[in-house]
Peer 1: 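One structure, pasted below without further comment.
Just so it is clear, the model here is predicted, and its values are computed rather than measured. Here is how names work: the chains are called A, B, and so on, in the same order as the sequence lines, proteins then strands, and each is numbered from 1.
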2 protein chains.
Amino acid sequence: MAEPLPDLIEEFVNDSTGDDPATILMALSQQDTVYIASLLESLPVERRLVVWEGMPRERKLAVLVEMRSDPREILIDATPHNEWASIFADIDAEDLLELLDSLPNKLVDLAYQALDSQERKYFRDATQFPDSQVGHWINHELLVLPANAKVREGLRLLRREVPQHCDSIYLVNRSGQFSGLVKVTRLFVAHEHASLFELTEEAVTPLLGTEDVSGASLQVQRSGFSALPVTDEAGKLIGRLDITSASELINEFYERQVMASAGMDEDEDLFSPVAKSARNRALWLGINLLTAFLASWFIGLFEATLQQVVALAVLMPVVASMGGIAGSQTLTLIVRGLALGQVTPANMRALMLKELKVGGVNGVIWALVIGVVAYFWFTDVMLGIVICLAILFNIVAAALAGVFVPVILDKLKIDPALSGSVILTTVTDIVGFVAFLGLGTLFLL
Amino acid sequence: MAEPLPDLIEEFVNDSTGDDPATILMALSQQDTVYIASLLESLPVERRLVVWEGMPRERKLAVLVEMRSDPREILIDATPHNEWASIFADIDAEDLLELLDSLPNKLVDLAYQALDSQERKYFRDATQFPDSQVGHWINHELLVLPANAKVREGLRLLRREVPQHCDSIYLVNRSGQFSGLVKVTRLFVAHEHASLFELTEEAVTPLLGTEDVSGASLQVQRSGFSALPVTDEAGKLIGRLDITSASELINEFYERQVMASAGMDEDEDLFSPVAKSARNRALWLGINLLTAFLASWFIGLFEATLQQVVALAVLMPVVASMGGIAGSQTLTLIVRGLALGQVTPANMRALMLKELKVGGVNGVIWALVIGVVAYFWFTDVMLGIVICLAILFNIVAAALAGVFVPVILDKLKIDPALSGSVILTTVTDIVGFVAFLGLGTLFLL
């Protein structure tokens with residue numbers, strides 16, 4: 001997903017602007033906010049701060065909103081306190097919600113004071129919902145009319161104000177409940193005195209404020225509308241989830257999956273300070289160390305065997321890694337299936353069977369290949385047989401673990417994308433070592 | 001991203017419809033196409049085929065279009081030849097492009113015959129572009145007017161026809177070059193005799209047909225428009241990339257990254273036939289086996305040492321896995337940075353330095369921890385020192401490899417998300433084993 005950034009990055013990394021605020025301002029004035037945010041994320045911290053200081057204050061808020069939390073927090077920490085009043089001058093509830101986790105409490109208070117009473121209410125309403133729910137992310141710029149309004153009133157509304165990215169008028173009944181959506185383009189063809197209600201789109205179901213935000217975002221993407229209406233439990237219209245927010249939320253969902261596989265989160269800064277980055281990653285290394293020691297402990301049970309048959313030590317990594325790879329293929333497929341709602345208790349058994357069969361086929365093939373190689377390498381038939389059986393056993397066990405580990409984690413509400421691979425490789429390492437060294441002890445001594 | 005599918009999956013897996021076409025039809029009639037596509041993907045093949053046969057023909061095309069290639073091909077293969085004429089009855093160029101890779105040539109011909117001459121031209125034009133470029137994915141339902149048209153003509157156009165999800169009128173000059181975009185909502189407020197050109201949005205740059213589709217899709221998502229205009233190199237308007245296509249393309253981009261890390265592609269079927277699935281995965285296992293044997297070969301160089309100091313064999317996995325984890329963290333960060341265009345030659349040196357420092361800090365910490373544990377476990381000071389140095393060395397080497405491996409792969413136009421982790425762990429395994437066993441040979445014999 002390359003973007004036309006490289007030139008800008010080079011210009012700023014290599015200081016060809018001479019760090020002169022006027023030159024920086026010129027270079028950035030052509031760029032839109034998203035590019036500037038991405039540019040700042042791409043710069044080493046020292047250079048990032050120089051560019052940030054040179055930026056016009058009136059763009060700073062919009063740029064912060066577009067950035068990932070970790071790189072953003074570095075800029076927030078470096079901004080002098082007396083600048084904030086002007087940065088927050090035009091802040092609205094949505095901006096503040098986006099920045100909420102990155103701002104120290106004192107700045108949250110300052111920003112909140114800068115909101116007008118309407119925006120304060122929106123902010124308070126949104127924070128009633130956790131950020132995993134639709135209600136946290138709603139937009140309040142709506143075109144709303146009573147359900148009995150005529151086309152004429154719709155036209156009058158459209159002549160007065162059309163919010164950004166708004167393709168529909170929402171109709172509500174007397175209690176404020178959502179009762180239908182009319183595309184603004186329908187008003188070009190309708191008669192002035194026609195009832196708006198007759199022009200409503202049939203297939204639109206509003207989202208619930210308490211709904212899971214990822215699923216709801218996908219619905220917005222697929223709806224083809226620029227937003228879907230959001231209601232509370234009683235059906236009262238409380239806002240809309242627009243396509244821009246929905247797309248960002250989905251992209252974050254996917255980035256979380258990609259980064260989680262290495263024990264990081266989606267807000268990780270390319271140039272976070274060394275101490276912070278080392279701390280973030282140390283936990284993952286520590287967890288992994290525990291599982292590695294556990295595997296070593298199992299190997300230690302077979303010290304006497306290893307001493308006599310050193311070929312076992314040489315071949316150990318082959319057994320462990322084949323299991324790890326086979327298992328992680330199954331795991332990746334199941335984790336995606338769980339995320340998409342395609343893996344459920346109803347199809348678990350069939351999935352299990354299929355993965356066992358695939359594991360069986362690949363297990364037999366690779367067990368034979370590896371057995372033959374081991375035989376020729378060490379000219380030892382029994383060693384060939386031992387590794388052959390161990391590989392077969394481990395690949396089949398890996399298939400089982402690849403299905404069960406993520407499903408059980410999901411049941412326990414632990415993110416399988418994050419912890420799945422650590423647990424899986426622990427299982428395949430231990431099963432592999434114990435099978436291989438155990439069989440070795442039985443047949444090779 | 002859970003979807004309200006579990007009930008339906010259960011219903012169809014457990015055959016509570018009694019496989020009666022009428023009941024299946026009833027159960028599906030309430031569901032939209034995307035859900036049906038996802039449902040079919042979630043069913044074991046045998047059950048999938050029963051539901052597919054029970055589906056009304058007029059919905060089959062739309063459902064196929066929404067499915068991933070692998071599960072889709074199973075349905076295509078199972079559909080009797082005489083059904084295709086009615087399935088293709090309403091096909092358009094976009095549908096055919098979406099299905100292109102899944103259809104046998106004979107069916108592509110049949111579908112092509114079903115297109116009218118305009119759609120045939122669209123189809124031929126699109127296939128001039130590879131599917132990595134915007135031109136392959138454009139939509140031709142446009143509102144177009146000459147650049148000198150008045151608002152009155154815009155209103156007349158809107159009264160005649162408004163394509164789905166169309167929020168703008170595109171203006172072209174006499175040679176068909178794109179010269180601006182007017183939001184349809186602007187027409188509510190403008191005077192009938194005003195010139196449309198005066199109402200054009202300033203910040204809209206059209207996409208190029210030859211542009212990379214992922215970057216372009218992100219631009220559409222962020223633009224806030226329901227589509228962006230697409231031109232050829234000469235600036236001639238050739239279509240638009242709409243938000244629905246853009247969102248699907250971005251979701252695919254991310255799924256590809258997630259699946260690539262396990263050597264699979266985003267079209268992998270949850271229930272692909274065992275033979276196909278085993279074949280798909282065998283290649284990855286084979287590549288991994290080669291790298292595992294390579295690591296084993298390096299271990300084999302130290303057989304004599306292992307025979308004398310069996311503790312080395314017991315602790316080998318710890319050295320290898322710490323390097324692998326540390327390296328994959330760096331790798332994941334760099335792969336994302338490359339995909340987002342944030343890692344460039346200009347900031348490589350700074351990135352390298354930062355990752356080396358992070359590796360140094362975590363290397364020292366964990367090397368000491370592991371050294372102390374090894375000392376107490378085997379009551380051998382020299383062994384503690386040897387593993388301590390090996391871990392430090394391997395974690396630092398992993399940081400280097402984590403930056404260089406993906407950057408070099410990217411230069412060579414090889415997807416770093418796919419091959420990065422295999423190559424990286426090969427490096428960290430070999431460096432780890434050689435450092436550990438080499439130091440062991442020097443200091444422990």
Peer 1: Between B:V361, B:I325, B:V358, which is the residue that forms a side-chain contact (heavy atoms from CB on, under 4.5 Å) with A:R281?
Peer 2: B:V358

Peer 1: Would you find a donor on one side and an acceptor on the other, under 3.5 Å apart, between the side chain of B:N347 and the backbone of A:L43?
Peer 2: no

Peer 1: What is the minimum heavy-atom distance between B:F293 and A:V318, and which atoms define it?
Peer 2: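 Minimum heavy-atom separation between B:F293 and A:V318: CD2-CG2, 4.0 Å.
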
Peer 1: Got a sec, which pairs hit salt bridge (charged side-chain N to carboxylate O under 4.0 Å, His left out) with one end in residues 293-321 of chain B, sequence neighbours left out?
Peer 2: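 Sorted pair list comes back empty.
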
Peer 1: B:S272 and A:K354: side-chain contact (heavy atoms from CB on, under 4.5 Å), yes or no, with the steps?
Peer 2: CA-CA 8 Å; B:S272 60; A:K354 175 225 156 196; 4.1 Å; yes

Peer 1: What pair of heavy atoms forms the shortest contact from A:Q307 to B:V310, and how long is it?
Peer 2: N-CG2, 3.6 Å

Peer 1: Can you sort out the partners of A:S223 under side-chain contact (heavy atoms from CB on, under 4.5 Å), two or more places apart, ordered by chain and number?
Peer 2: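 With neighbours one apart ignored, the set is A:F225, A:L228.
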
Peer 1: Of the non-hydrogen atoms in B:T332 and A:A262, which two are nearest, and what is the gap between them?
Peer 2: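 In terms of heavy atoms, the two residues are closest at OG1-CB, 3.3 Å.
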
Peer 1: Please answer whether the main-chain N or O of B:S38 pairs with a side-chain N or O of A:Q342 as donor and acceptor at a distance below 3.5 Å.
Peer 2: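 Yes; judged by distance alone, with no hydrogens or angles, the pair exists.
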
Peer 1: With a 3.5 Å distance limit and no angle check, can you tell me whether B:E10 reaches the backbone of A:A346 through a side-chain donor-acceptor pair?
Peer 2: no

Peer 1: Distance-only, no hydrogens or angles: does the A:S296 side chain make a donor-acceptor pair with backbone N or O of B:V314 under 3.5 Å?
Peer 2: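 Yes, because the side chain of A:S296 sits within donor-acceptor range (under 3.5 Å) of the backbone of B:V314.
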
Peer 1: Quick one: are B:Q219 and A:V34 in side-chain contact, heavy atoms under 4.5 Å?
Peer 2: no

Peer 1: OG1/A:T244 to CZ/B:R222 distance, rounded to the nearest 0.5 angstrom?
Peer 2: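 It comes to 11.0 Å.
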
Peer 1: For a quick test of reading the model, state the closest non-hydrogen atom pair linking A:E266 to B:R336 and the distance between them.
Peer 2: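 Taking every non-hydrogen atom into account, O-NH1, 2.8 Å.
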
Peer 1: In terms of heavy-atom proximity below 4.5 Å to chain B, should A:D269 be classed as side chain, backbone, both, or neither?
Peer 2: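 When you check distances to chain B, only backbone atoms of A:D269 fall under 4.5 Å.
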
Peer 1: Measure B:K276 against the heavy atoms of chain A and call it side chain, backbone, both or neither at under 4.5 Å.
Peer 2: neither

